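As structure tokens, the structure follows; a few thoughts come after it.
Residue numbers run from 1 in the order of the sequence given. FYI, side chains are in, hydrogens and waters are out, and symmetry mates aren't considered; it's all heavy atoms of this structure. Bear in mind the structure is a predicted one, so any value in this text is a computation, not a measurement.
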Amino acid sequence: MAPKERAKPLFGTARLISLGLGVIVIATVASGPDGTGATTPVAAARGNRPALTFSSLDGPVTPDEITSFKDYIRTLTPAADNIRNQWAQGHSGEDTKAMGLVYEVSADRAILDRMIGFCDAVLSERNDLAERPVGQHVLWTGKVDPAWPNDVTTKPVGTGGEQGDPVGHLANCARLILRTPAIWQTPVATGDPHGYGTTYLDRAKRFVAEADTAVDRHILARLLDVSKGNRQYFAADSPYKGGQPVPWNQQMMFDYAFQNLAIAHQLLGDDPRRVKTYDSLVQASVDWFFSSVRTYTDHAGKPAYDWGYAPATNGKEDNNHGSLDCAGLYRAYLSGRYKITPAMLAPLANTFVDVMSKAPRHYAGRIDGADGAGNSAPTEYVRSGWLLMAEFRPDAYQKLMNANFPGKTTTADDQFSRALMLKSRRHKTRG
């Protein structure tokens, strides 16, 4: 992941934040990603959550499933900072992405309002906007940049691919608002505790403007070098992987930001140059990935892929980061903007179904079917990015869904939200 991923968190960080429910609460954050891409639950913030329940694992998304999700997200509290990537692949980052996916499936405004509350929180925690101890840290650039540092205990304070996700949350939320013009002039139901905009349109415009600021003043100004055909490299003087190609999973974080900003600006009709710039960056990333994979025929006679953790590395990507790669590519595919076809994604599905699925409750830790340790350790469940690939292997859909949700319940909103998106698209395709 990003620099200092395994650093100790700042325990006991507490401050006032908006929950998006018209109230202010104190959030105390004790932990975040554990270095494997999973997260360590915080009892006070994550305990006693209701189960997320499916009506069925196939067919249309039901009102009861949406109600189950709404009941679940009411129990969530936004992280108080981005220490250990809590707004990237930690709890709050995954919560925010889940809300966006389920809003797209349901168009339920209560879910959008909750997402807005989380985006209010992440924006308020940006380094240049937040007070100490959350913000006002001099980064490796020598400035108090508009960024979300994930470790402020070491010097210089570094940044990496995790910077894409907070920007992506803001841009994604704005995109969802801008796609719903009927609510533009309506005051946001949960109020405006941070002064970010009274109406939904005002809030969307502010989120876009602040996302652009993070890109203009940190991501493209200092963190990334995109001078080589728009391909993403870390800046030569970056303390994290200086001069090296950005690993694929981290490119997917930046692509999350660029893709949603491109669409948001297109919907606003305010800046064609930015639309072109952002789209060009995502297209270069997507093209680089598909030109780098090695295609081979798996034991079932189907095309499969082998690729590494980063461009120009040997293959055998691990299960964890491979899932993140798939989730990012699927997100780009759904946008319809980057020339990704089902035929290009089907080998990803084949890789998981034919190569990595070794036995019931045994999914290989690497994409070549081998097991290792850490990120390469096998799992007993299907990670959510791989689950999305069932769209391109409909014959494996029931098997993968049943593997993850044998009792039709889960407490993982990343799994539930992606399964609802998958189920919804499958139902619409089948008519």
Does this structure show an ion pair linking [X] with [Y], if we count only N-O contacts that are shorter than 4.0 Å?
X      : Y      : value
Glu162 : Arg84  : no
Glu104 : Arg175 : yes
Asp58  : Arg430 : yes
Asp414 : Lys97  : no
Arg203 : Asp192 : yes
Lys143 : Asp145 : no
Glu317 : Arg366 : no
Asp95  : Arg114 : no
Arg337 : Asp279 : yes
Lys302 : Asp354 : no
Asp413 : Arg49  : no

Legend entry - Nearest heavy atoms of Leu400 and Phe352, plus distance in Å: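 That would be CD2-CE2, 4.0 Å.
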Quick one about [Y] and [X] (side-chain donor to acceptor, distance below 3.5 Å, no hydrogens or angles considered), yes or no?
X      : Y      : answer
Asp165 : Gln89  : no
Asp113 : Thr190 : no
Gln86  : Asp81  : yes
Asn127 : His218 : no
Tyr103 : Ser417 : no
Asn320 : Asn375 : yes
Gln415 : Thr410 : no

Legend entry - salt bridge (Lys or Arg N to Asp or Glu O under 4.0 Å) partners for Asp202, two or more places apart: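 Listed in chain order: nothing, the list is empty.
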Inset, instruction - From the options Asp212, Asp255, Asp271, select the one residue that forms a side-chain hydrogen bond (donor to acceptor under 3.5 Å, both in side chains) with Tyr278. - result: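 With Tyr278 as partner, Asp212, Asp255, Asp271 yield a single side-chain hydrogen bond (donor to acceptor under 3.5 Å, both in side chains), made by Asp212.
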Legend entry - Within 45° cone of Tyr397 ring axis and under 6.0 Å: Arg426 NZ or CZ: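 Yes, Arg426 lies over the aromatic ring of Tyr397.
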Legend entry - Aromatic plane relationship, Trp288 with Tyr233 - under 30° parallel, 30 to 60° tilted, over 60° perpendicular: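 Because their plane-to-plane angle lies in the 30° to 60° range, the rings of Tyr233 and Trp288 count as tilted.
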Legend entry - From Gln266 atom CD to Leu261 atom CG, the distance as rounded to the nearest 0.5 Å: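 If I round to the nearest 0.5 Å, the distance is 12.5 Å.
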